[in-house]
Each structure stands twice: as structure tokens, then as C-alpha cells.
4 protein chains.
Amino acid sequence: MAKPKSEDKRNAILAAATQVFAERGLSAPTAAISSEARVAEGSLFTYFKTKDELINALYRTLKLELSDAMMSGFPRKQGVRHRLEHVWNGYVDWGSAHPEGQLVLRQIQVWGGLTEEVKAATAAAFGEFDRIAEDAAEQRVFRDMPMPFIWAALVSLADMTMEFTRRQPEQAAEYRAQGFALFWAGVARK
Amino acid sequence: MAKPKSEDKRNAILAAATQVFAERGLSAPTAAISSEARVAEGSLFTYFKTKDELINALYRTLKLELSDAMMSGFPRKQGVRHRLEHVWNGYVDWGSAHPEGQLVLRQIQVWGGLTEEVKAATAAAFGEFDRIAEDAAEQRVFRDMPMPFIWAALVSLADMTMEFTRRQPEQAAEYRAQGFALFWAGVARK
Amino acid sequence: MAKPKSEDKRNAILAAATQVFAERGLSAPTAAISSEARVAEGSLFTYFKTKDELINALYRTLKLELSDAMMSGFPRKQGVRHRLEHVWNGYVDWGSAHPEGQLVLRQIQVWGGLTEEVKAATAAAFGEFDRIAEDAAEQRVFRDMPMPFIWAALVSLADMTMEFTRRQPEQAAEYRAQGFALFWAGVARK
Amino acid sequence: MAKPKSEDKRNAILAAATQVFAERGLSAPTAAISSEARVAEGSLFTYFKTKDELINALYRTLKLELSDAMMSGFPRKQGVRHRLEHVWNGYVDWGSAHPEGQLVLRQIQVWGGLTEEVKAATAAAFGEFDRIAEDAAEQRVFRDMPMPFIWAALVSLADMTMEFTRRQPEQAAEYRAQGFALFWAGVARK
DNA sequence: CATGAATGAGTTTTCATTCAT
DNA sequence: CATGAATGAAAACTCATTCAT
């Protein structure tokens with residue numbers, strides 16, 4: 001099979017892209033990425049046919065990392081609040097641990113070139129949440145608002161919280177707790 | 001800022017930039033903007049020395065528009081909650097009325113080329129809020145969290161709400177109200 | 001109107017393209033052309049949006065030059081044979097005088113990127129020939145073969161003749177005459 | 001030429017090259033050829049050191065095929081006219097049967113990278129014609145023109161004829177006959 | 001020998017900016 | 001001041017060729 005396309009190299013390119021995009025924006029030249037990845041300019045294109053495809057792949061990768069972080073050790077048996085808090089903590093912690101990843105994720109979301117396929121694939125990874133939603137609906141945990149609205153609130157508040165933990169890592173714990181408290185008070189019934 | 005040659009032309013360029021950036025991203029060519037503004041390619045550069053300066057100026061302009069929208073009819077005498085709700089409504093309504101402006105604002109925020117000067121200037125425009133903050137602190141309206149955290153929560157929830165009103169304009173009123181309710185319940189004491 | 005797009009510069013680019021393509025083939029870099037034309041690399045693209053468009057324009061230009069050369073002093077009143085000989089001489093002489101042009105024309109014909117529009121436009125320039133054809137048909141000058149077949153024979157024999165005059169310019173006159181004699185004997189009745 | 005590793009694979013590459021060059025021009029990537037030949041990209045270069053060498057080899061191959069087609073069943077004992085007509089028919093029929101080969105041949109002729117060695121070798125394959133020429137001279141069959149001029153006329157008229165048979169295969173027989181008639185009337189004495 | 005990943009020079013094209021008119 | 005042609009430094013991408021497996 002000759003030299004097989006190495007997973008290592010692919011990952012190196014993705015890591016380099018994260019780094020470079022975080023520093024210079026999505027308009028950074030692909031040459032900067034290949035250079036950062038210690039790979040020839042052309043090699044980038046044997047792993048990703050176009051720059052757009054690279055960005056899509058990067059988005060998918062980061063999102064899956066993020067969902068892994070959120071779901072690891074997920075307390076499936078616990079109540080809605082505990083499960084949500086677990087998710088929240090996973091989200092915020094991952095963002096604090098991977099500030100470039102988080103930055104790049106936001107850049108890509110605002111970018112406009114994501115394919116429907118990748119959007120669908122990443123959305124699917126967050127499927128566990130549907131179960132939380134069902135339980136929540138059954139137990140009438142939340143106030144009267146559409147479920148997607150609640151999820152969006154969680155995500156946007158978590159993103160906002162991450163900004164704070166990124167700038168003041170020493171107070172990460174407080175922000176994380178306060179952010180979730182804000183969210184929960186905002187959405188929970190009574 | 002000096003005295004520009006023709007305020008009209010300058011505004012036409014800013015409006016065109018909003019339009020074009022919203023459609024094609026910040027990487028859209030300046031030629032597309034001058035063309036949309038019915039102005040010569042070179043003229044753009046007599047009003048804005050560089051593209052970066054144009055983006056900075058656009059950010060400042062949009063932010064000021066936004067703050068105007070939020071402050072018009074501001075009920076200075078009313079309680080914290082009413083004042084905040086006024087601000088919230090202004091924000092969400094402006095975003096619904098100017099979806100391109102809102103989109104571009106987000107793009108610029110993630111862009112990375114904003115000068116400190118513009119950041120400071122736009123922050124200043126939101127000075128009225130400090131007074132709300134003071135009153136709130138005095139009356140112990142909010143739970144224990146830093147004021148900037150609360151502002152950030154308001155902004156991110158408002159942005160999120162705007163997304164919903166943009167996609168389902170017919171339910172704008174509900175979303176606007178639910179968003180504020182969520183925010184208020186999240187931050188108000190007890 | 002500022003600096004108007006200069007006809008001179010356009011022509012310089014076309015001339016340079018003829019030169020460069022003749023020497024290095026159609027795959028020659030556009031940079032070689034702009035350099036030969038003493039023009040910036042980018043300028044080429046203000047006159048021709050793409051390389052393909054340049055090649056099409058070049059083809060049209062050369063073909064029109066050629067048809068001009070063939071039609072100048074055209075003896076409209078004379079018999080079919082004289083008119084054809086005039087055309088033949090114009091063709092062969094132009095090819096001898098512009099060997100690069102002739103070479104490039106052949107390259108472009110074999111190239112495969114000509115637009116229908118240009119094909120039609122250049123074909124139209126050879127419209128005078130239709131009249132010759134009509135007269136010829138009426139007078140039953142030619143043997144029984146389709147008119148297009150006769151034209152094609154003229155063109156291919158003329159091209160072939162040009163090759164000889166190009167390589168042995170000192171015998172151009174003989175070749176030119178022999179070529180036409182061959183053609184005429186080949187197509188004329190009896 | 002050395003002993004190639006697998007005559008089959010070499011032929012597959014040449015066939016694929018004919019196909020691909022006919023469709024996409026000589027600038028088609030070698031990868032397209034190896035793929036069409038169901039051979040690894042690198043393998044192409046064990047059979048042909050460079051792309052130029054491949055093109056030269058392809059030219060030689062096609063020309064030899066052509067000369068084989070022309071000489072098979074050659075009526076060595078017959079008169080000049082019969083022998084020439086045989087050759088003409090062979091030429092035109094091969095071109096009709098192998099339109100891609102014919103197309104590629106023309107592309108290569110205009111290409112500019114043929115080595116002298118290949119030019120000489122292919123010219124040699126047409127050696128039988130010298131004998132026709134000698135007989136013709138002895139019998140004063142042709143009008144007064146240089147022999148090479150006559151050969152060139154045959155070739156260019158045959159090429160032209162092939163174009164017609166390719167486009168209207170149902171009239172191939174007529175065109176073939178008319179083309180030869182034209183040629184013969186053009187070159188034969190009286 | 002076969003394979004196909006790796007390479008990096010080379011290609012076309014874009015675009016912010018300048019400047020002659 | 002307005003104009004838009006001119007500029008040339010990138011940028012994304014291609015591809016013949018090499019070479020580790």
C-alpha cells in the first residue's frame with residue numbers, strides 16, 4: 001500500500017490550523033498552516049482538497065472533541081439539573097483548556113462556509129441532550145419556552161462564561177459556577 | 001476623523017460595506033463595496049485610509065447606532081428592571097430591524113483588528129449603563145456576581161434572542177419577552 | 001474618466017502573447033506575456049479577465065488580420081479563378097509575413113477552448129467567400145464536391161504551402177504559385 | 001527503449017494517454033493518465049522517464065500504427081496511382097477509425113517538444129514512399145514540383161478529409177474518394 | 001517492481017492601494 | 001476631489017517527479 005496517509009500528519013495539520021487560525025483569523029494563508037505543521041505546502045492538499053474542506057473538517061473535529069469532553073462521565077441516571085450541570089462544566093472546562101479551539105469555533109460559526117453535512121453531523125453528536133429535554137419536559141422542569149431556545153441560552157451563556165475564564169483563569173471556578181447558576185435560575189420553573 | 005469631504009458619500013460607503021460584508025464576509029473586496037456604494041474604487045480610500053480603518057469605522061458606526069436605538073426614550077427615572085427591559089428591547093429590536101448590521105458586528109468582534117481606540121470609544125457609548133449598575137448595586141437588585149458578567153450575559157442572551165427573531169420574525173414579540181424573562185430571572189436576587 | 005484603458009496596451013499584450021505563445025506554446029505563463037509586453041502581471045487581467053479570454057481574443061484578432069490581408073484589394077469584378085488566387089496569395093503572404101501569428105493560430109485551433117461566439121465571429125469575417133462560392137456554383141466552375149470541402153482544401157493546402165515558404169523564404173514565390181496551381185487543378189472542372 | 005518491464009502496462013499507459021490527451025489536451029496531468037490506465041502514479045515514470053518522453057513515445061507509436069495501416073496489403077507491383085490511392089485510403093481509414101489518435105497526433109505536431117530522434121524515426125517508417133517517388137519521377141507522373149511538396153499536399157489533404165469523415169462518418173466513402181481525386185488531379189501531369 | 005504520499009516550484013488570479021489624468 | 005487603470009505582492013491550488021514502504 002506504499003506510504004499510507006498518516007493519521008498523525010492529518011492531526012498535525014488540524015492542530016496547526018487551530019493554532020494559526022486562532023492567531024491570525026480564518027484568512028491566514030494555508031502556507032502558514034503547512035509550515036506550522038512542518039509539512040510541505042502541497043501536502044496540506046493531499047489531506048484536505050481545499051481550504052474550505054479543511055475548515056469544515058476542523059470544525060467537525062473541534063466540535064466532536066467538545067462533545068466528548070461534555071459527555072465523559074455523564075451521569076445518565078441523575079436528575080436534569082445534575083446532568084445539565086455536568087454538561088455545562090464539560091463545556092466551560094473544555095473551552096478554558098482549549099482557548100484557541102474555542103476561538104476558532106466561534107470564527108467558523110460566523111464564517112458562512114459550513115456544509116450542511118457537517119452541520120448535521122455535529123448536531124447529531126449532541127444527541128444525548130434530546131433525552132435530557134424529554135425528561136425535562138415530562139417533569140416540567142423548565143419554564144414555558146421552546147426547548148431550542150433553552151439550549152441556545154445554555155450555549156451562549158457558556159461561551160460568554162468561557163471568555164471570562166480565559167481572561168481570568170484564576171477565577172475560573174467562580175465564573176463557571178456563577179454562569180450555571182445564572183442559567184439555571186433563568187430557565188428553571190419557579 | 002477630520003472633516004470628511006462629503007458626509008453623504010462616506011455614509012454610502014459605510015452602508016455598502018455593511019451590506020457587502022454581511023453577504024460575503026469581511027474578506028469581501030473593497031471594490032465590491034465601492035461598486036455597491038456607486039463610488040470609484042479609489043474614492044473609498046479618500047474616506048478611509050485603509051480597509052482596516054474602514055472596518056473600525058464601521059464598527060464604531062454600528063455600535064453607536066445600536067446604542068442610540070437602545071437609549072432612545074430611555075426611562076431614566078424608572079426602576080432598574082424597567083430600564084434594563086427598555087435597553088433589552090432596544091437591542092433586540094435593532095438587531096431584528098438590521099440583521100446585516102448585527103451580523104457584521106459579530107464578524108468584526110471575532111475579527112481581531114479592532115484598535116484599542118475604537119474599543120474604548122464604543123464602550124464609552126454604553127456609559128449610561130454604569131448608572132444602572134450603580135443603582136442596582138445600591139438597591140442590591142442582582143445576585144452576587146460581577147457587573148461585567150451580568151452585562152455580558154445580557155448581550156449574549158440578546159444576541160441569541162436576535163437569531164431567533166431573525167429566523168422567525170412572526171414570533172419576535174414572544175422571543176423578546178422570553179429572552180428578557182430568562183435574563184432577569186437569571187440575574188435578579190431571589 | 002481618469003486613465004482610459006489604452007488600446008495601445010491591449011495591443012501590446014496581444015503582440016506579446018503572439019510572440020510568447022509562438023516560442024513556448026499556449027502553456028506559457030501569463031507572467032511571460034505581461035513581462036514581454038512591459039506591463040505588470042496584474043494589468044494583463046484588466047484587459048482580459050482570464051487567460052482563456054486572452055487566447056480567444058488573440059484568435060479573433062489574428063483571424064481578422066488574416067482576413068483583412070486576404071481581402072485588401074480584392075478584385076470583386078474578376079472571375080472566380082482570379083478572385084481565388086487573390087485570396088490564396090493574401091493568405092500565403094500573410095502567413096509568410098507573420099510566421100508566429102500563423103503558428104499560434106494553428107495552436108489555438110487545436111486547443112479546444114474557443115468559444116462558439118468567437119468561432120462564429122471569425123467565420124463571419126470570411127463571408128465574402130460565400131459570394132465566390134455562389135458564382136462558382138452558377139458557372140459550374142468546380143468539380144462535383146461540396147463547397148465546404150473545397151474551402152477546407154484551400155485552407156489546408158495554403159497552410160501547408162506557408163510551412164514551405166517559412167522554411168525557404170527565398171523560394172516563396174514558386175511555392176505560392178505551385179500551391180495554387182495544385183489547388184486549382186484539383187478542384188476545377190476538367 | 002530497453003526491455004520494458006511489462007509490455008502490457010506500457011501499452012495501457014499509451015492507450016490511456018491517447019484517450020486523455022484527446023479529451024483534455026497535452027496539458028492533461030499525468031495522474032489522469034495513470035488513473036485511466038489503472039496504474040499507480042509512480043509507475044508511469046518507470047515506463048517513461050518524463051512526461052515529454054511519454055509524448056514522444058506516444059507520437060512514435062501512433063505514427064507507426066498509422067504507417068502499418070497504410071502499408072498493409074500494399075500493392076508493390078502496381079502503378080503509382082494505385083499505390084498512392086492505397087496509401088491514401090489507409091491513411092484516411094485509420095484516421096476515421098482512430099479519431100483520438102489522429103487528434104493527438106496533430107496536437108503533438110504543434111507541440112514543439114519532439115526530439116530529432118523521434119522525428120527521424122517516424123520519417124523513416126514512411127520510407128516505402130521514396131520508392132513511389134522514384135518511380136513517379138522516372139515515369140514523369142507528376143507535374144513540376146518538389147517531391148516533398150507533393151507528400152505534404154497528400155498529408156494535409158488527407159488530414160482535412162479525415163475531419164470530414166469524422167464529422168459525417170456516413171459519407172466517409174464519398175469524402176475519401178473525392179479527396180483522393182482532388183489530390184490526384186492536383187499533382188498528376190496533364 | 002509497484003505503490004501513492006510527499007514535495008515545492010510554478011501557475012493563474014485576486015486585491016488593497018497608488019497615482020496619472 | 002473624483003476616477004479607475006496600474007501595480008505587484010500574495011493566495012490557493014496543481015502537478016511532474018521522487019522515494020519510503
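Here the structure is a predicted model, which means the values were calculated and not measured. Values below: every heavy atom of this structure, side chains too, minus hydrogens, waters and symmetry copies. Every chain is numbered from 1, with letters handed out A, B, ... down the list of sequences.
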*Asks:* For the pair made of CD1 in B/I33 and P in E/dT14, what is the distance, rounded to whole Å?
*Replies:*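 To the nearest whole Å, that distance equals 17 Å.
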
*Asks:* When rounded to the nearest 0.5 angstrom, what is the spacing between OG in B/S34 and CG in B/L54?
*Replies:*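 It is 10.0 Å, given to the nearest 0.5 Å.
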
*Asks:* Closest nucleotide of DNA chain E for A/R38 versus for B/A31: which of these residues is on the 5' side?
*Replies:*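 Whichever sits nearer the 5' end wins; that is A/R38.
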
*Asks:* Is there side-chain contact between B/R10 and B/F48, with at least one heavy-atom pair below 4.5 Å?
*Replies:*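 Yes - at least one pair of side-chain heavy atoms lies under 4.5 Å apart.
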
*Asks:* Looking at every strand, decide which applies to C/S6 at a 4.0 Å heavy-atom threshold: base, sugar-phosphate, or nothing.
*Replies:*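 Result for C/S6 = nothing.
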
*Asks:* Going by purine N1 to pyrimidine N3 plus the second Watson-Crick contact, or the G-U wobble pair, all under 3.5 Å, which nucleotide sits opposite F/dC19?
*Replies:*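 Because both required distances fall under 3.5 Å, F/dC19 counts as paired with E/dG4.
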
*Asks:* What nucleotide, of E/dT13, F/dA6, E/dT7, holds the atom closest to the side chain of C/E41?
*Replies:*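 Comparing E/dT13, F/dA6, E/dT7 against the side chain of C/E41, the answer is E/dT13.
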
*Asks:* If you find the nucleotide of DNA chain F closest to C/T46 and the one closest to D/K49, which residue's nucleotide is nearer the 5' end?
*Replies:*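 Mapping each residue to its closest nucleotide by heavy atoms, the 5'-most match is C/T46.
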
*Asks:* Rounded to whole angstroms, how far apart are CG on A/D8 and P on F/dT21?
*Replies:*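 Roughly 13 Å, once rounded to whole Å.
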
*Asks:* Distance check needed: F/dC13 P versus A/L44 CG, whole Å only.
*Replies:*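 So the two atoms are 10 Å apart, to the nearest Å.
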
*Asks:* Considering just the side-chain nitrogens and oxygens of C/K9, establish if one lies under 4.0 Å of OP1 or OP2 belonging to F/dA6.
*Replies:*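 Yes, C/K9 has a side-chain N/O under 4.0 Å of OP1/OP2 on F/dA6.
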
*Asks:* Taking only side-chain nitrogens and oxygens of D/T30, does any of them come within less than 4.0 Å of OP1 or OP2 of F/dA16?
*Replies:*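 Checking F/dA16 against D/T30, a side-chain N or O does come within under 4.0 Å of OP1 or OP2.
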
*Asks:* Specify the separation, in whole Å, of atom CG of D/D52 and atom P of F/dT17.
*Replies:*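 To the nearest whole Å, that distance equals 7 Å.
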
*Asks:* Could you check which of F/dA16, E/dA2, E/dA6 has an atom nearest any side-chain atom of A/Y47?
*Replies:*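 My answer, after comparing the listed nucleotides, is E/dA6.
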
*Asks:* What heavy-atom pair brings B/L14 and B/L58 nearest, and what distance separates the two atoms?
*Replies:*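 Result for this residue pair: O-CD1, 3.7 Å.
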
*Asks:* How far apart are the C-alpha atoms of D/R166 and D/Q102, what are their side-chain angles, what is the distance that settles it, and do they pass the side chain to side chain donor-acceptor pair (under 3.5 Å) test?
*Replies:* CA-CA 10 Å; D/R166 186 192 313 156; D/Q102 214 260 324; 2.7 Å; yes

*Asks:* Using a strict threshold of under 4.0 Å (side-chain N to carboxylate O), is an ion pair present between A/E117 and A/R60?
*Replies:*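 Answer for the salt bridge query: yes.
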
*Asks:* What is the distance, rounded to the nearest whole Å, between atom CZ of A/R10 and atom C1' of E/dA5?
*Replies:*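 One finds 15 Å between C1' of E/dA5 and CZ of A/R10, rounded.
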
*Asks:* Could you state the CZ-C1' distance from A/F45 to F/dA12, rounded to the nearest angstrom?
*Replies:*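 For the pair A/F45 CZ and F/dA12 C1', the rounded distance is 5 Å.
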
*Asks:* Suppose we define a pair by two distances each less than 3.5 Å, Watson-Crick or G-U wobble; what does E/dA9 pair with here?
*Replies:*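 Paired with F/dT14.
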
*Asks:* What nucleic acid atoms does B/A28 come within less than 4.0 Å of, heavy atoms only: base, sugar-phosphate, or nothing?
*Replies:*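 Sugar-phosphate, no base atom in range.
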
*Asks:* What's the CZ-C1' distance between A/F21 and F/dA11, to the nearest Å?
*Replies:*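 A/F21 atom CZ is separated from F/dA11 atom C1' by 13 Å.
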
*Asks:* Less than 4.0 angstrom between a side-chain N/O of C/S43 and OP1 or OP2 of F/dT7, yes or no?
*Replies:*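 Result: yes.
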
*Asks:* With respect to the side chain of D/A40, which nucleotide from E/dT11, E/dG4, E/dT13 is positioned closest?
*Replies:*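 Closest nucleotide to the D/A40 side chain: E/dG4.
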
*Asks:* Can you tell me how far P of E/dG10 sits from NZ of C/K51, to the nearest Å?
*Replies:*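 Distance, rounded to whole Å: 15 Å.
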
